[in-house]
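Reading through the structure tokens given below for one structure.
Predicted model only: the values in this text are computed from it and were never measured.
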Amino acid sequence: MVDIKKRIFLKKVLLTSPLLMSTNNIFSQNIASYKRIAVEETFTIPEIVDALRDYVSNNPDAEPGLSAPPYIVSETINTLYDLGKERISQMDKANIDLQVLSLWSPGVQIFEPTQAEELSILVNNHLAEAISNYPSRFAGLATIAPQNPKKAGEEIERAINNLNLNGVLINSHTKGEFLDDPKFWTIFEAAESLDIPIYLHPRIPPKSMYQPYSKYLMDRALWGYAAENSLHAVRLIMGGVFDQFPNLKIILGHMGEGIPFWLSRMDSVAKRPGVTKIRYLPSEYFKNNFFITTSAMFSDPILDFCLNVVGEERIMFAVDSPFASSEDATNWLDKANISDHEKQLIYNDNAVKIFNL
Ligand code: MN
């Protein structure tokens, strides 16, 4: 890892020297051998959207936020359905070689267990078929229904062993429950034993924490997603999940949902009396068991900061398409003042290794 002083020095040299800067750009273009792999890219299928509409109209109070527009009536819905030529041409325009696909939040996690299981099987089969149509352009993360943890573990095995999917994505809380509850740990057992990552993806906060987020459309990307998903990730750490599953890999989008910024404070507070004892410091779990992605956070200072906190082997490129622009994302990272080696890892090598691509 390039340390922070070296990074600032390099940036100053590059910014103040037009010759060096242009040499650097030519250099990047000539030797870049990596593919641009984007790892948080969204799709859905009509059966899920129909079930979502039914659920929300029959249970208007169960999942606050989901019944409010613009969630269900989305202009992007046809973009989410497309796993064919139009999506590929959008990827080509943005120089994206491969998308790691996952189901639109909240996945199947709002439904009753049997319906959720059936839909997860349908979605995973659909995804495997889309990948088989474009094997060099798509990979995918399995959908599971944590509502029945034992069945969810079995679906992980089927998705990895039979459908050759590349990991699992869980849309954070399931009906207000979090995965630090040991009743869900068959899911972690399956993921750890198959050596596949779990992408912990945000969604609207549950009923128990919704009210303060209900104004200003704060319940989603503005603040609510990161607040809820970071809470979930910290619960996994403090709940001893990684003491039980030391090789479990969790991926967080949006540059770690704010957690890298808080690690030093969490470490100092974790030593205080009364705080649940876990084997290591929170930051040690974060640096050993977590990976973060650039989804919808195309910012140089945040990239610099995260490189210094978690290192270049723990960051992967993601767009969060179609909710963020693929072209903005690659334009940003292509031009970022980081080394070619770091770009190679973030765009390509880390994803190949973690998702076994
Ligand atoms: Mn997303």
Side-chain angles (χ1 to χ4, degrees), residues 25 28-44 75-105 126-142 164-167 169 197 199 201 221 251-255 291-300 302-303 306-307 312-357:
N25 287 344
S28 306
Q29 281 160 20
N30 286 348
I31 67 147
S33 61
Y34 47 80
K35 288 182 174 175
R36 292 175 182 80
I37 301 171
V39 303
E40 187 192 317
E41 316 311 320
T42 318
F43 78 99
T44 193
E75 286 165 14
T76 51
I77 209 96
N78 288 326
T79 312
L80 291 169
Y81 288 157
D82 170 43
L83 289 170
K85 280 187 188 143
E86 182 53 33
R87 184 180 286 255
I88 300 286
S89 89
Q90 293 301 322
M91 288 164 65
D92 289 341
K93 265 189 208 159
N95 288 319
I96 289 180
D97 295 279
L98 188 130
Q99 283 190 342
V100 180
L101 297 160
S102 51
L103 182 66
W104 190 31
S105 160
H126 185 90
L127 178 57
E129 199 187 314
I131 295 167
S132 74
N133 292 335
Y134 296 95
S136 65
R137 306 305 301 273
F138 294 147
L141 304 181
N164 295 318
L165 297 184
N166 307 86
L169 182 136
Y199 206 122
H201 184 276
I251 302 169
L252 295 175
H254 315 99
M255 287 300 205
F291 298 86
I292 66 175
T293 81
T294 65
S295 54
M297 300 279 272
F298 314 138
S299 154
D300 291 331
I302 296 172
L303 177 62
C306 288
L307 278 166
E312 69 274 23
E313 292 186 350
R314 301 216 156 240
I315 304 176
M316 288 182 281
F317 175 69
V319 177
D320 206 356
S321 66
F323 310 106
S325 151
S326 296
E327 284 172 82
D328 287 354
T330 49
N331 282 337
W332 163 70
L333 192 56
D334 284 357
K335 289 184 187 125
N337 274 324
I338 60 174
S339 70
D340 284 315
H341 176 64
E342 287 167 320
K343 281 182 195 172
Q344 166 100 34
L345 290 172
I346 293 170
Y347 263 136
N348 183 100
D349 294 7
N350 295 338
V352 167
K353 193 170 152 193
I354 293 156
F355 294 113
N356 191 24
L357 296 171

Should Met91 and Ser326 count as side-chain neighbours, where that means a heavy-atom distance under 4.5 Å? no
Nearest 0.5 Å, what's the CG-CZ distance between Leu333 and Arg36? 8.5 Å
Applying ring pair (Phe, Tyr, Trp, His ring centres under 6.0 Å) to Tyr347 and not counting sequence neighbours gives Tyr34, Phe317
For residues 320-333, which residue pairs qualify under salt bridge (Lys or Arg N to Asp or Glu O under 4.0 Å), counting only residues two or more places apart or in two chains? none
Asp300 vs Asn337 side-chain heavy atoms within contact, under 4.5 Å: no
Residues passing the side-chain contact (heavy atoms from CB on, under 4.5 Å) test with Ser132, sequence neighbours excluded, are Glu129
Pairing residues for Glu86 by the side-chain hydrogen bond (donor to acceptor under 3.5 Å, both in side chains) criterion, not counting sequence neighbours: Gln90
Results of ring pair (Phe, Tyr, Trp, His ring centres under 6.0 Å) for Phe298 - residues two or more places apart only: Trp332
How would you list, by chain and number, every residue that makes a ring pair (Phe, Tyr, Trp, His ring centres under 6.0 Å) with Phe291, sequence neighbours excluded? none
For Asn350, what residues pass the side-chain hydrogen bond (donor to acceptor under 3.5 Å, both in side chains) criterion, not counting sequence neighbours? none
For Arg87, what residues pass the side-chain hydrogen bond (donor to acceptor under 3.5 Å, both in side chains) criterion, not counting sequence neighbours? Gln99
Got a second to check how far Ile88's CD1 is from Asp82's CG, nearest 0.5 Å? 8.5 Å
Who passes side-chain hydrogen bond (donor to acceptor under 3.5 Å, both in side chains) against Glu40, sequence neighbours left out? Tyr199, His201, Ser295
What is the distance from atom CG of Leu80 to atom CD of Glu41, rounded to the nearest 0.5 Å? 11.5 Å
Residues Leu101 and Leu83: closest non-hydrogen pair is CD1-CD2, 3.7 Å
Scan residues 92-101 for pairs that pass salt bridge (Lys or Arg N to Asp or Glu O under 4.0 Å), counting only residues two or more places apart or in two chains. Asp92-Arg137
